[in-house]
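In what follows, chains carry the letters A, B, and so on, assigned in the order in which the sequence lines appear, proteins first and then strands, with residues in each chain numbered from 1.
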There are 2 protein chains.
Amino acid sequence: MQTITVALDAMGGDFGPRVTVPAAVQALSHFPELKVILVGDRELITQQLTTIGFSPTHRLVIKHSDRCISNCDKPSLALRNSVGSSMRIALDLVADDEANACVSCGNTGALMALSKFRLKLLPGIDRPALVSVLPTTTGNKTWMLDLGANVSVDADTLFQFAVMGSALAEIHINERPKVAILNIGEEEIKGNDLVKRCSELLTQTKEVNYCGYIEGNQLFHNVADVVVCDGFVGNVCLKSCEGVAHLFLDKVKNHFSSSKLKGWIAKKLFSSLFNELKVLNPDQYNGASLLGLRGTVIKSHGQADTSAIINAIGEAVHEVKQQVPSRISDRLEAVLLERHY
Amino acid sequence: MQTITVALDAMGGDFGPRVTVPAAVQALSHFPELKVILVGDRELITQQLTTIGFSPTHRLVIKHSDRCISNCDKPSLALRNSVGSSMRIALDLVADDEANACVSCGNTGALMALSKFRLKLLPGIDRPALVSVLPTTTGNKTWMLDLGANVSVDADTLFQFAVMGSALAEIHINERPKVAILNIGEEEIKGNDLVKRCSELLTQTKEVNYCGYIEGNQLFHNVADVVVCDGFVGNVCLKSCEGVAHLFLDKVKNHFSSSKLKGWIAKKLFSSLFNELKVLNPDQYNGASLLGLRGTVIKSHGQADTSAIINAIGEAVHEVKQQVPSRISDRLEAVLLERHY
């Protein structure tokens, strides 16, 4: 069995080692091929390991760093002052082939800037994009990008996102992925210049199975396998949806815990309902990949809890196994040839 | 009791007179001061009235039009060819003081262009904005704009949206409304040029109680009373949230209807849960106002059902009573004075 080494930025996110360390330990039992390099303050990490009664092994090693990048740092500043930070060291490990993937809950802008600098972009790609999976009513998945790596993009970049998303989805489904652009209406006349121009580009290529515009309320109905948008729209949209999902889950939980029917009937009804609703819980889908790089980088939520970080580590393992970067590269080559670049 | 006359574009939306006519009839019993002018094809409207066993009265009159604006028409084209259409006639009635408000489920872009043309903008306003109410966990309301009247705006326009939203919220709450900008992070460095520039403008004014950026997942937690964003972001965000809400409501419904516990216990649990979740049902909040005009115009969802259209009519009645346009105008004047325009 090939070992898959994940460099985990243990200091990133709102909770740092308190959640990253237990997540790393638990992930080891989920993924037998996994080795984790915990990058961060050795003392804090060791403290957390002690708390849960675990010691470093050949599958769980610590790489010390005495700094971390703050969430308030501008990407340009983070890039300049990155040497020695946990995020930078985790990415260095990937760039230097000492790890197969990097997982971080840290500052998104900094992660993108540093990833570009250390891992470099695939040929034909101008900007990396954050992609994640949405659940759908049919049980299928929809890949959505960009979720916030870029606050503004041009139509060419959005077109590249479509190509990358299509290549990623192709790994998971057996047919040609249907690709849509997120818009404020389905009609051709709807939308801003960005989506209209990108729609023209997608209509002209044979390499992407473009199926037109999709509205926000159709996102979860498996109308498309891949949905592209700029990072501002994607980030606001995804976070809002997560907000609504948590609101519902909390209401259902509170309802049953405050219900007078404390008996087994309420319990049974609740647990079966909750199992059904669980698929809509955004925490299940933590771990957005930064596509377009010559390496695997997974961005986890800043507020991710232990199980959410395990999911992000799982996503990293999966993408390394599936050789996502080289598959995207192959697909890009075909598009570039078609466009006679 | 002062009569409030609403001109209802009976032909707009996905279902036309099949839902607008019963909605108008039912609205009459909800709002005793209401008179409705149903604008549209007299034959189709009469047919629907006959189906539900109702005839025109002094409170429900028909104004014939033999055309309607399609959802696929560009606003500019709709404007040129609008004469005689149901939407245009409904707006003419408001412009000519024969109705106090217009309600339409039709083409948003066309409604905005025609409203601007017929009712004119308030002084100091460059573009109208669609505003609607979001439910929050605390039971309070949050007003969000723009929800799709403008696919792109500049910082000055977004600033005007903040002023208008604040003036609207002030009517409903007793304190100075907290106003936020929707962004991809709370930190100052986050976001695109539009939100950064608008944030600067809002920081400089005393007329708006600006409280910074808000992320999508905070929208429903009553962090702010008013949230502003451009119409593309707002539309995608709101529709996505509605999509998630419907997904949850459907899952809960299906769960209980397919449950083996058919008895009164399941029924009781379900109905009390559903009553709690109902406040999150987006149909309760149908009816977005087009703010910034010298008159009241309410845009209803295209897919609105009867009860959703009744809500939109109710919103029109409410805004006419509260004299929303003149209140916004007063607030704008104060801001304009402050800025020494």
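Contact record, A:H221 with B:L247: NE2-CD1, 4.2 Å, taken as the closest heavy-atom pair.
Heavy-atom pairs under 4.5 Å with chain A peak, among B:L238, B:L182, B:N150, at B:L182. Among A:D73, A:V236, A:D193, the residue with the largest count of heavy-atom pairs under 4.5 Å with chain B is A:V236. The candidate from B:L219, B:T108, B:N71, B:V195 with the greatest count of non-hydrogen atom pairs under 4.5 Å with chain A is B:N71. Note on B:G148, B:P75, B:G216: by heavy-atom pairs under 4.5 Å with chain A, the leading option is B:G216.
To the nearest 0.5 Å, the span separating CD on A:E188 from NZ on B:K74 amounts to 9.5 Å.
A donor-acceptor contact shorter than 3.5 Å links the side chain of B:K239 to the backbone of A:I184.
For the pair A:L249/B:F248, a side-chain contact is recorded, criterion being any heavy-atom separation below 4.5 Å from C-beta on. Using a 4.5 Å heavy-atom threshold, the side chains of A:C237 and B:S240 count as touching. Contact check for B:H246 versus A:N217: no side-chain heavy atoms found under the 4.5 Å cut-off. B:F232 is listed as a side-chain neighbour of A:N183, based on a closest heavy-atom distance under 4.5 Å. The shortest side-chain heavy-atom distance between B:N107 and A:E187 does not fall under the 4.5 Å cut-off.
Within 6.0 Å of the CG atom in A:D126, the count of heavy atoms belonging to other residues, nucleotides or ligands exceeds 12.
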